[in-house]
A.B. asks: 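Quick one: the structure is below, questions incoming.
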Amino acid sequence: MMNWFTEPAHWTGSDSIPVLVLQHLAYSSIALLLACLIGLPVGLYVGHTGRGVVLIAGVANALRSLPSLGLIVLLVILFGPVFASDMAFIVPSLIVLVLLAVPPIMTGSYAGIAAVDPAVVDAARGMGKRPLQILFDVELPCALPLIFSGLRSATLQIISTATIAAYVSLGGLGRLIIDGQAQNDYYQMAAGAILVGVLALTVDLMIGVISRITVSPGLTRRPPRSHG
Amino acid sequence: MRFDWLYHESGRIAELFVWHLGLSVIPVLIGLALALPLGWIAQRAGFFRSTLLGAAGLLYTIPSLALFVLLPLVLGTRILDPLNVVVALTVYALALLVRTVSDGLDSVSPDVLQAASAMGYRRPARLLQVELPLAVPVIAAGLRVAVVSNVSIVSVAALVGTPQLGLLFTQGLQLQFLTPIVAGIVLCVALAAFLDGLVLFIAHCLTPWQPGRVGK
């Protein structure tokens with residue numbers, strides 16, 4: 001196993017480990033960004049106004065039962081003739097990644113806003129804040145822990161599914177697993193699996209660090225950093 | 001849709017469906033059996049709780065395909081062995097359910113526990129006859145998530161060759177043929193909906209004092 005990692009040929013060239021990691025991160029970041037652009041505004045709106053709760057809960061539940069592999073394969077066959085070259089598998093893969101990542105982001109931001117203590121919102125209103133100011137100055141900071149937990153599951157979902165999308169020729173670390181299987185090279189498969197696992201854990205840790213830095217100490221019962 | 005193809009292949013599809021059902025349900029049952037004692041310990045012991053829940057969260061982070069590929073290395077099984085899939089999904093179910101069980105036990109009000117103790121319930125009897133039944137709605141909510149996401153994750157195992165409905169997806173791509181893919185998706189969604197309903201129904205039967213809905 002170690003031999004596979006120390007083999008210099010696996011570290012240089014167009015399908016070397018660094019290139020595959022970067023590809024995996026690139027597809028994942030694009031998908032996460034798009035999912036945030038859709039999920040956050042919807043979640044914040046529903047949380048703030050209380051309208052559409054049943055709808056987003058239903059959509060989130062329905063999407064959870066969709067098999068991601070089936071969806072990717074379906075879209076690849078449907079879109080295959082429409083797009084030229086690489087886009088024929090990149091677009092379907094991205095659509096599925098976004099589709100799977102939107103529900104956790106949406107429900108996380110909704111639940112975060114809905115869970116804010118009504119007394120706090122009343123106090124902000126009493127101080128003369130307007131609805132949008134209440135949302136961005138008060139509700140959003142208070143909701144950050146749950147928003148981050150939604151972002152966390154969305155990101156893990158994306159990294160995991162991007163691995164699967166290698167089956168329809170998407171780049172990234174899944175390539176090692178899929179190609180390794182085609183070539184009957186278990187060590188390459190295992191190396192890909194280890195790298196994906198490490199990547200997921202690292203990204204998860206980074207989100208944890210970011211949420212520690214951005215969430216107000218008043219919400220986490222930790223002493224403020226100036227005193228610590 | 002080519003219904004004649006579906007009819008012709010119905011025997012094999014039924015067989016894959018049964019595999020899918022087993023691979024989705026068995027890991028959740030084993031996961032629940034392990035999560036009940038672990039969740040109970042986690043709920044009672046503060047330090048152990050954060051360690052255990054942290055470890056569970058970490059396990060949940062590993063992508064499913066990676067876990068399917070790595071388990072033969074750990075277990076010494078062959079990569080095609082369905083046991084890998086069962087173990088991987090048990091790990092996920094356990095990681096999810098330990099937290100659910102301890103949250104469920106947490107949700108029982110201290111007043112109820114005091115009342116039960118005052119009525120003469122001793123520790124084990126109180127746990128089995130009072131705490132666990134009252135925790136059923138929360139545990140059922142976690143089970144629903146576990147079972148529904150399992151149905152979806154099982155299909156990924158097609159990429160390492162384990163028999164289940166996911167094979168219809170890989171076959172569809174190889175043949176550039178939509179019928180098996182659509183059939184696979186429909187059967188997966190139907191199976192998830194059925195198992196979800198089953199958990200709801202069982203939870204409803206276990207909590208006769210709750211008049212309305214359970215788990216939401």
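Each chain gets a letter, A, B and so on, in the order its sequence line appears, and its residues count up from 1.
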A.B. asks: What part of B/Ala158 gets closer than 4.5 Å to chain A, counting heavy atoms only: side chain, backbone, both or neither?
C.D. replies: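 The side chain, not the backbone.
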A.B. asks: Of the backbone (N, CA, C, O) and the side chain (C-beta and beyond), which part of B/Leu70 lies under 4.5 Å from a heavy atom of chain A, both, or neither?
C.D. replies: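 Both backbone and side chain.
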A.B. asks: Tell me, side chain or backbone of B/Val69 under 4.5 Å from chain A's heavy atoms, or both, or neither?
C.D. replies: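 The answer is both parts of B/Val69.
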A.B. asks: So which of B/Val154, B/Leu191, B/Val160 has the biggest tally of heavy-atom pairs under 4.5 Å with chain A?
C.D. replies: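 Max contact count across the listed options: B/Val160.
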A.B. asks: Take a 6.0 Å sphere around CZ of A/Phe5 and say whether it holds more than 12 heavy atoms from other residues, nucleotides or ligands.
C.D. replies: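 Atom CZ in A/Phe5 is crowded, with more than 12 foreign heavy atoms closer than 6.0 Å.
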A.B. asks: Does any backbone or side-chain atom of B/Leu67 lie under 4.5 Å from a heavy atom of chain A? Answer side chain, backbone, both or neither.
C.D. replies: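 Answer is neither: B/Leu67 stays 4.5 Å or more from chain A.
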A.B. asks: How long is the straight-line distance from OG of A/Ser160 back to CD1 of B/Ile153, given to the nearest 0.5 Å?
C.D. replies: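 With rounding to 0.5 Å, CD1 (B/Ile153) is 7.5 Å from OG (A/Ser160).
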A.B. asks: Nearest 0.5 Å, please: how far is CG in A/Leu199 from OG1 in B/Thr61?
C.D. replies: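 Interatomic distance, B/Thr61 OG1 to A/Leu199 CG, rounded to 0.5 Å: 12.0 Å.
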A.B. asks: What residue in A/Ser68, A/Ala190, A/Gly180 has the most heavy-atom pairs under 4.5 Å with chain B?
C.D. replies: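 Of the options given, most contacts go to A/Ala190.
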A.B. asks: Relative to chain B, which segment of A/Leu66 carries a heavy atom at a distance below 4.5 Å: side chain, backbone, both, or neither?
C.D. replies: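 The answer is both parts of A/Leu66.
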A.B. asks: Would you check if B/Pro72 and A/Tyr186 make a side-chain contact, meaning some heavy-atom pair closer than 4.5 Å?
C.D. replies: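 Yes, side chains in contact.
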A.B. asks: Quick one: which of B/Leu173, B/Val156, B/Leu65 gives a side chain to side chain contact (heavy atoms under 4.5 Å, CB included) with A/Tyr167?
C.D. replies: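 Answer after filtering B/Leu173, B/Val156, B/Leu65: B/Leu173.
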A.B. asks: Give, for atom CD1 of B/Ile181 and atom CG of A/Leu75, the distance between the pair rounded to the nearest 0.5 Å.
C.D. replies: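 If I round to the nearest 0.5 Å, the distance is 9.5 Å.
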A.B. asks: Between B/Val182, B/Leu73, B/Leu165, which shows the greatest number of heavy-atom pairs under 4.5 Å with chain A?
C.D. replies: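 Heavy-atom pairs under 4.5 Å are most numerous for B/Leu73.
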A.B. asks: Determine the option with the most heavy-atom pairs under 4.5 angstrom with chain A, choosing from B/Val145, B/Val151, B/Leu168, B/Asp196.
C.D. replies: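 Result: the option with the highest number of such pairs is B/Val145.
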A.B. asks: Indicate the atoms forming the closest heavy-atom contact of A/Pro67 with B/Ser155, along with that distance.
C.D. replies: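 What the structure gives for the nearest pair is CB-OG, 3.6 Å.
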A.B. asks: Please name the pair of heavy atoms, one in A/Gln181 and one in B/Leu159, separated by the smallest distance, quoted to 0.1 Å.
C.D. replies: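 Taking A/Gln181 first and B/Leu159 second, the nearest heavy atoms are OE1-O, 2.7 Å.
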A.B. asks: Mind listing the closest non-hydrogen atom pair of A/Ile77 and B/Gly172 along with its distance?
C.D. replies: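 Taking A/Ile77 first and B/Gly172 second, the nearest heavy atoms are CD1-O, 3.4 Å.
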A.B. asks: Looking at A/Ile194, A/Val198, A/Thr161, which has the largest count of heavy-atom pairs under 4.5 Å with chain B?
C.D. replies: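 With the most close heavy-atom pairs to chain B, the winner is A/Ile194.
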A.B. asks: Let me know if A/Val76 has heavy atoms under 4.5 Å from chain B in its side chain, its backbone, both or neither.
C.D. replies: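 The side chain, not the backbone.
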A.B. asks: Less than 4.5 Å to any heavy atom of chain B: does that hold for the side chain of A/Ile178, its backbone, both, or neither?
C.D. replies: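 Just its side chain gets close to chain B.
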A.B. asks: Just how far is it from atom CG of A/Leu63 to atom OG of B/Ser152, taken to the nearest 0.5 Å?
C.D. replies: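 Between atom CG of A/Leu63 and atom OG of B/Ser152 there are 10.5 Å.
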A.B. asks: At a heavy-atom separation under 4.5 Å, does B/Phe68 approach chain A through its side chain, its backbone, both, or neither?
C.D. replies: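 Contact with chain A is absent: no heavy atom of B/Phe68 under 4.5 Å.
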A.B. asks: Highest number of heavy-atom pairs under 4.5 Å with chain A: which of B/Val189, B/Asn150, B/Ile62?
C.D. replies: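 Heavy-atom pairs under 4.5 Å are most numerous for B/Val189.
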A.B. asks: Most heavy-atom pairs under 4.5 angstrom with chain B, which of A/Thr155, A/Val203, A/Val196?
C.D. replies: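 Heavy-atom pairs under 4.5 Å are most numerous for A/Val196.
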A.B. asks: Near B/Arg99 CZ, under 6.0 Å, is it more than 12 heavy atoms from other residues, nucleotides or ligands?
C.D. replies: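 No, the 6.0 Å shell around CZ holds no more than 12 heavy atoms from other groups.
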A.B. asks: Does B/Leu178 reach the side chain of A/Leu74, with side-chain heavy atoms less than 4.5 Å apart?
C.D. replies: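 Side-chain contact under 4.5 Å: yes.
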